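First the structure, in the form of structure tokens, and then the observations on it.
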Amino acid sequence: MNYSKILLSTALFLLGSFGHWYIMYWQFKSPKWITSFYPYLLALACTFLWIKASEYGVQGFNGSMWSNRFLFFVTGVIVGSILYPIHFGQTFTLKVVIQLVLALLIIVVSIW
């Protein structure tokens, strides 16, 4: 395993996931958002980030597509756990905490 490539992949997935979160959910704060051109430009940037993240992730995991896919999934879950409480005031319930722990365990298993 190449941990530097996995770390770079994680950072790119996180950046793309932040953008994706705003593309999908900012419309509930600002209804005009989804009709503007900004989410579509952001989608192009996120796509580029995810393609590069996948390239580095698969290389970092020695060709494992599954480990890379789980990394992509978990970074999105982590971003959501940060932004939902900030923008929508949705608190952590026991169910959410358990899901976050499971998501992190997926990464631990992938790297192990």
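Predicted model only: the values in this text are computed from it and were never measured.
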Fill in: Residues Leu100, Phe92; criterion side-chain contact (heavy atoms from CB on, under 4.5 Å); working and verdict
CA-CA 10 Å; Leu100 288 172; Phe92 290 100; 3.5 Å; yes
Could you state whether [X] and [Y] fall into the same hydrophobic cluster, counting links through intermediate Ile, Leu, Val, Met, Phe, Trp or Tyr residues with side-chain heavy atoms under 4.5 angstrom apart?
X	Y	value
Val108	Phe72	no
Leu8	Leu49	yes
Val58	Ile51	no

Worksheet item: With sequence neighbours left out, which residue pairs that include part of residues 12-21 fulfil the salt bridge (charged side-chain N to carboxylate O under 4.0 Å, His left out) condition?
Response: none
Could you grab the distance from atom [atom1] of [X] to atom [atom2] of [Y], nearest 0.5 Å is fine?
X	Y	atom1	atom2	result
Ile34	Ile23	CD1	CD1	8.0 Å
Thr10	Asn68	OG1	CG	9.0 Å
Ser54	Gln59	OG	CD	11.0 Å
His20	Thr47	NE2	OG1	9.5 Å

Flag the pair [X] / [Y] as yes when at least one side-chain heavy-atom distance between them is below 4.5 Å, and no otherwise.
X	Y	result
Pro39	Trp33	yes
Ile78	Val74	yes
Leu71	Ser9	yes
Leu94	Ile98	yes
Gln99	Val77	no

Discussion item. Within the 3.5 Å criterion, strictly below it, is a donor on Tyr22 or Tyr38 matched to an acceptor on the partner's side chain?
Written reply: no
Practice prompt. Please say which of Phe13, Phe18, Trp50 ends up in a side-chain contact (heavy atoms from CB on, under 4.5 Å) with Thr75.
Written response: Phe13
Worksheet item: Which one of Leu7, Asn2, Leu12 satisfies the side-chain contact (heavy atoms from CB on, under 4.5 Å) criterion with Tyr56?
Response: Leu12
Fill in: Residue that, paired with His87, satisfies ring-ring contact (aromatic ring centres under 6.0 Å, His included) out of Trp21, Tyr25, Phe28
Trp21
Is it the case that atom [atom1] in [X] sees more than 12 heavy atoms from other parts of the structure closer than 6.0 Å?
X	atom1	result
Lys32	NZ	no
Met65	CE	no
Phe73	CZ	no

Discussion item. Could you work out, with side chain to side chain donor-acceptor pair (under 3.5 Å) as the rule, every residue matching Gln27, not counting sequence neighbours?
Written reply: none
Practice prompt. Establish, yes or no, whether the cationic atom of Lys5 lies under 6.0 Å from the six-membered ring centre of Phe61 and within 45° of the ring axis.
Written response: no
Item to complete: Show your reasoning for whether side-chain contact (heavy atoms from CB on, under 4.5 Å) applies to Leu105 and Val101.
Response: CA-CA 6 Å; Leu105 285 174; Val101 168; 4.2 Å; yes
